[in-house]
Each structure stands twice: as structure tokens, then as C-alpha cells.
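Inspection log for the structure reproduced underneath, given as C-alpha cells.
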Amino acid sequence: MEKQVFTTCSPEETEALGAALALRCGDYKVIAMFGGLGSGKTAMTRGIAMGMGCSDSVSSPTYTIVNEYRGRRKVCHFDMYRIEDEEGLWDIGWEDYLDSGAICVVEWSENVVRALPKETLKVTFETTGEETRRITVEDLC
């Protein structure tokens, strides 16, 4: 995917961008999110889940590591904040998730970059105002 930069001015706009992104993620196995606390990663994930037809409530899986949502394509929502490095991924069955056909949405991807497959879409969040975000979408490679 060609690098694209978006500006959103509210969590609802970030969700809408996520829903639009879900329709374009095609062969990607992973949507890797990079950005600080409160930058919009969970709002984007809510939109991706909606775009995939999931009706479940989406929340950050900080303590469970992964939440799964069923829709046209299953969404596996990971929070790697508590994972120190790629080694911790193998303990939770990362490879099985990648092979499942689900789209794996990964918050705090900074912690596990070396475990991300080449079929990864990188989404970077920058906080530019109280609710304003600059969101860059591009291939990981």
C-alpha cells in the first residue's frame, strides 16, 4: 500500500478511518499500530472491527493480551504493552493466530517488530492536539 497520511479530529473520525481501512486490508495478516498511550489505537481497532462486521464491544486487551471478535473476517486484537520482546509472543500461540486467516490488530507493535510478518500494514499515530491525530498508513517493509 502506498504511504498515506490522515488527520482525524475525534475518536469517531479515527473509528471511521479504521472501518475504511478494514475494507482495504485484503491479504494483510497484521495491522501493526505504533504510538503512545491515548493516541487512538483502540479507537482505530473499534473501527476495523466494525468494518469487518463485528458487533462485539471492543476494548483494549491490556490484561488478557488478546481479544477476538467475529465478523466477516475474525479480528484478533492484541495489546503488546506487557510483552517485553518477541519471545513472549510464541508463548501465546502467535504463529497459530497468523495462520488462522484472521486479521491481527496489534497495539504497541514497537515491542514485537521482529515477529511481524511481511504481510503487515503499519499504522503510526501522532498526537497533534487534544483530540487531533496524524495517522500514517504504509507497508511495514
Requested in this report: Find out whether the Lys NZ or Arg CZ of Lys74 is both under 6.0 angstrom from the six-membered ring centre of Tyr69 and within 45° of the ring's axis.
Outcome: no
[X] and [Y]: which non-hydrogen atoms are nearest, and at how many Å?
{"X": "Gly36", "Y": "Ser39", "answer": "O-OG, 2.7 Å"}
{"X": "Val58", "Y": "Ala49", "answer": "CG2-CB, 3.7 Å"}
{"X": "Met33", "Y": "Val105", "answer": "CE-CG1, 3.3 Å"}

Answer yes or no: is there a side-chain heavy-atom contact under 4.5 Å between [X] and [Y]?
{"X": "Glu110", "Y": "Met80", "result": "no"}
{"X": "Phe78", "Y": "Val112", "result": "no"}
{"X": "Glu131", "Y": "Pro11", "result": "yes"}
{"X": "Leu21", "Y": "Val137", "result": "yes"}
{"X": "Trp108", "Y": "Lys41", "result": "yes"}
{"X": "Ile103", "Y": "Val30", "result": "no"}
{"X": "Thr7", "Y": "Thr132", "result": "yes"}
{"X": "Arg133", "Y": "Thr127", "result": "yes"}

Query raised in the report: Can you hop from Leu116 to Val66 via hydrophobic side chains spaced under 4.5 Å?
Result: yes
Query raised in the report: Do Tyr28 and Ile135 belong together in a cluster built from hydrophobic side chains that touch within less than 4.5 Å?
Result: yes
Query raised in the report: Counting only heavy atoms not in Leu23, do more than 12 sit closer than 6.0 Å to its CG atom?
Result: yes
Report task. Please collect all salt bridge (charged side-chain N to carboxylate O under 4.0 Å, His left out) contacts where either partner lies in residues 27-39, sequence neighbours excluded, each pair once. Result -> none
Query raised in the report: Got a sec, which residues hit side chain to side chain donor-acceptor pair (under 3.5 Å) with Arg72, two or more places apart in sequence or on another chain?
Result: none
Query raised in the report: side chain to side chain donor-acceptor pair (under 3.5 Å) with Ser109: which residues, sequence neighbours excluded?
Result: none
Can you tell me how far apart [atom1] ([X]) and [atom2] ([Y]) are? Round to the nearest 0.5 Å.
{"X": "Asn67", "Y": "Asp56", "atom1": "CG", "atom2": "CG", "result": "9.5 Å"}
{"X": "Thr45", "Y": "Ile31", "atom1": "OG1", "atom2": "CD1", "result": "8.0 Å"}
{"X": "Met44", "Y": "Phe6", "atom1": "CE", "atom2": "CZ", "result": "8.0 Å"}

What side-chain donor-acceptor pairs closer than 3.5 Å can you find for residues 93-102, not counting sequence neighbours?
from	atom 1	to	atom 2	distance (Å)
Trp94	NE1	Ala115	O	3.1
Tyr97	OH	Glu68	OE2	3.3
Ser100	OG	Tyr97	O	2.7
Ser100	OG	Ala102	N	3.2

Report summary line: With sequence neighbours left out, the residues meeting side-chain contact (heavy atoms from CB on, under 4.5 Å) with Thr136 are Lys3, Val5, Thr124, Glu126, Glu138
Report task. Please list, chain by chain and in numerical order, all residues satisfying side-chain contact (heavy atoms from CB on, under 4.5 Å) with Ala22, sequence neighbours excluded. Result -> Ile48, Met52
Can you list, pair by pair, the side-chain donor-acceptor contacts under 3.5 Å of residues 12-20, counting residues two or more places apart and other chains?
from	atom 1	to	atom 2	distance (Å)
Glu12	OE1	Ser10	OG	3.4
Glu13	OE1	Cys9	N	2.8
Thr14	OG1	Thr8	OG1	2.8
Thr14	OG1	Ser10	O	3.2
Glu15	OE2	Arg46	NE	2.8
Glu15	OE2	Arg46	NH2	3.1

Query - Residue pairs passing the ring pair (Phe, Tyr, Trp, His ring centres under 6.0 Å) test where at least one lies in residues 110-138, sequence neighbours excluded - result: none
Requested in this report: Taking Arg73 for its side chain and Gly26 for its backbone only, find out whether a donor-acceptor pair lies under 3.5 Å.
Outcome: yes
